[in-house]
2 protein chains.
Amino acid sequence: MTESDFTSILSRHGIRPTQQRIAVYKYLVSNPSHPSADTIYRALSEQYPVFSRTTIYNSLNTLVEAGLVRTVNICPEEQRFDATIDDHGHFICEKCNGIFDFDLNPEVLDKLCPEGFKFRQGDVFFSGTCPDCSR
Amino acid sequence: MTESDFTSILSRHGIRPTQQRIAVYKYLVSNPSHPSADTIYRALSEQYPVFSRTTIYNSLNTLVEAGLVRTVNICPEEQRFDATIDDHGHFICEKCNGIFDFDLNPEVLDKLCPEGFKFRQGDVFFSGTCPDCSR
DNA sequence: ATAATTTTTTGTAATCAATACAATTATTTA
DNA sequence: TAAATAATTGTATTGATTACAAAAAATTAT
């Protein structure tokens with residue numbers, strides 16, 4: 001994806017494609033490791049010397065409201081962010097602390113949802129041991 | 001459940017059944033509304049005049065470690081607690097902010113988990129609109 | 001029983017993620 | 001080009017949670 005791709009994606013979602021928002025969104029797309037706001041801040045601060053922490057939060061909130069980014073409530077102490085917005089599951093390895101994405105069949109998700117309830121978003125979290133740590 | 005039932009449950013789980021821990025656990029069992037530490041603190045402060053906020057946190061952490069209580073990461077700003085420890089799903093209504101439990105078939109959960117991964121705990125969160133608010 | 005040891009509770013202080021706010025800067029519209 | 005609007009920035013604040021050390025309670029050893 002080129003710089004102008006990001007620009008047009010933001011525009012299409014109704015938000016002004018500022019340098020900062022593009023940088024944050026680009027970082028999330030390139031780093032699908034569910035980074036925290038602080039992780040993003042520290043990474044971008046190296047590239048762009050002046051980049052306020054508040055702007056990271058502002059940009060993330062804007063991107064979430066625009067539907068381009070999802071929040072992931074994996075750890076209670078800090079919010080994590082994800083540019084993959086289609087429904088998918090998260091596996092958190094309790095040994096290596098790695099976070100793994102996995103596909104989620106939308107129909108299965110539908111079946112899980114209790115009758116009469118209409119879900120907009122579904123999250124599935126597993127915690128346990130990943131294949132590598134199981135050995 | 002009588003007071004002595006709670007006492008023996010805590011004992012059986014290897015933690016000393018202090019007045020404070022019993023009160024916190026009893027509150028969680030009687031109030032399956034996924035309260036926050038602060039909600040529990042305010043409720044118990046009325047009954048027991050001296051009851052430290054720190055003790056609530058200590059007791060909750062002890063109960064979670066003992067496997068009697070689960071944490072629920074519904075809202076990012078504060079941790080919620082749940083005395084129902086078997087796998088079940090949570091539906092959060094975005095209109096009335098209510099939290100609804102629903103049954104979860106363990107086999108379905110098993111199928112969702114990717115191959116090679118061993119899960120200890122599974123959480124399913126839906127956010128959307130509850131039946132009442134859908135009308 | 002009583003003393004010594006361990007565990008729990010308590011209150012205050014500290015931490016840390018996230019937000020509020022007001023001033024500055026950049027962008028868009030008139 | 002000026003006026004209006006939107007975004008960014010830095011600092012101050014909030015609020016949940018934890019750290020810590022002293023006091024109280026409970027357990028164990030003498």
Side-chain angles (χ1 to χ4, degrees), chain A residues 4 6-11 13-28 34-66 68-82, chain B residues 6-8 10-11 13-28 34-66 68-82:
Chain A
S4 78
F6 290 109
T7 305
S8 62
I9 291 175
L10 296 210
S11 296
H13 280 78
I15 58 177
R16 207 184 287 176
T18 65
Q19 222 198 355
Q20 289 86 340
R21 288 173 182 166
I22 291 169
V24 169
Y25 185 56
K26 196 176 171 183
Y27 182 86
L28 277 171
H34 316 85
S36 66
D38 194 61
T39 303
I40 301 170
Y41 170 70
R42 277 183 282 112
L44 294 185
S45 291
E46 288 177 17
Q47 299 172 44
Y48 310 81
V50 179
F51 222 102
S52 168
R53 202 175 234 103
T54 303
T55 301
I56 303 288
Y57 283 103
N58 288 343
S59 301
L60 285 168
N61 288 338
T62 305
L63 289 166
V64 168
E65 279 163 30
L68 277 166
V69 168
R70 267 178 82 154
T71 59
V72 186
N73 294 328
I74 297 178
C75 17
E77 57 270 1
E78 65 180 0
Q79 194 115 11
R80 303 296 202 87
F81 298 88
D82 193 350
Chain B
F6 290 110
T7 305
S8 63
L10 297 210
S11 295
H13 279 78
I15 57 177
R16 206 182 287 175
T18 65
Q19 220 198 356
Q20 289 84 342
R21 287 173 183 166
I22 292 171
V24 170
Y25 185 56
K26 195 175 171 183
Y27 183 86
L28 277 171
H34 316 85
S36 66
D38 195 61
T39 303
I40 301 170
Y41 171 70
R42 277 184 283 110
L44 294 186
S45 291
E46 288 178 17
Q47 298 170 45
Y48 309 81
V50 180
F51 223 100
S52 167
R53 201 176 236 102
T54 303
T55 301
I56 303 289
Y57 282 103
N58 288 343
S59 300
L60 284 169
N61 288 337
T62 305
L63 289 166
V64 168
E65 279 164 31
L68 277 167
V69 167
R70 270 178 80 153
T71 58
V72 186
N73 293 329
I74 297 178
C75 15
E77 57 271 1
E78 64 179 0
Q79 193 115 10
R80 302 296 201 88
F81 298 88
D82 194 348

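Sequence lines set the chain letters: A, B, ... in the order given, protein chains first and strands last, and positions in each chain run from 1.
- Side-chain contact between Thr55(B) and Arg21(B) is absent, with no heavy-atom pair separated by less than 4.5 Å.
- What separates CZ of Arg80(A) from C1' of dA17(C) is a distance of 13 Å, to the nearest Å.
- Taking atom CD1 of Ile22(A) as the reference point, atom C1' of dA7(D) lies 13 Å away to the nearest angstrom.
- With rounding to whole Å, Gln20(A) atom CD is found 12 Å from dA6(D) atom C1'.
- Each of dT10(C), dT8(D), dA18(C) was ranked by its minimum atom distance to the side chain of Glu78(A); first place goes to dA18(C).
- The side chain of Asn61(A) contributes an N or O atom lying less than 4.0 Å from OP1 or OP2 of dT19(C).
- The minimum heavy-atom distance between Pro17(A) and Ile22(A), with the atom names listed, is O-CD1, 3.6 Å.
- In this structure, the side chains of Leu68(A) and Tyr25(A) come closer than 4.5 Å at one or more pairs of heavy atoms.
- Of the side-chain N and O atoms in Tyr57(A), none sit less than 4.0 angstrom from OP1 or OP2 of dT19(C).
- When side chains are defined from C-beta on, Thr71(B) counts as touching Phe81(B), because their heavy atoms get closer than 4.5 Å.
- In this structure, Gln79(B) and Asn58(B) both approach DNA chain D, and ranking their closest nucleotides by distance from the 5' end singles out Gln79(B).
- Candidate nucleotides dA18(C), dG11(C), dT8(C) were compared by shortest atom distance to the side chain of Val50(B), and dG11(C) ranks first.
- Nucleotide dT8(C) holds its P atom 16 Å from the CD1 atom of Ile56(B), rounded to whole Å.
- Between the side chain of Thr54(B) and the base of dT17(D), no donor-acceptor pair under 3.5 Å is found.
- Ser36(B) and Thr39(B) are linked by a side-chain donor-acceptor pair at a separation below 3.5 angstrom, with hydrogens and angles left out of the test.
- Residue Thr18(B) has its side chain nearest to dT8(C) when only dG10(D), dT8(C), dG11(C) are considered.
- For Gln47(B), the CD atom sits in a packed shell: over 12 heavy atoms of surrounding residues, nucleotides or ligands are nearer than 6.0 Å.
- If you measure from atom CZ of Arg21(A) to atom P of dT9(D), you get 11 Å, rounded to the nearest angstrom.
- Computed from coordinates, the Arg16(A) CZ to dT28(C) C1' distance equals 6 Å when rounded to whole Å.
- Note on the helix from dA1(C)-dT30(D) to dA30(C)-dT1(D): terminal axis deviation equals 20°, with five pairs used at each end and the result rounded to 10°.
- With the nearest nucleotide of DNA chain C identified for both Ile15(B) and Arg53(B), Ile15(B) has the one nearer the 5' end.
- Of all the heavy atoms in Lys26(A) and Phe6(A), the pair that sits closest is CG-CE1, 3.4 Å.
- At whole-Å resolution of the value, CG in Asp38(A) and P in dA18(C) are 9 Å apart.
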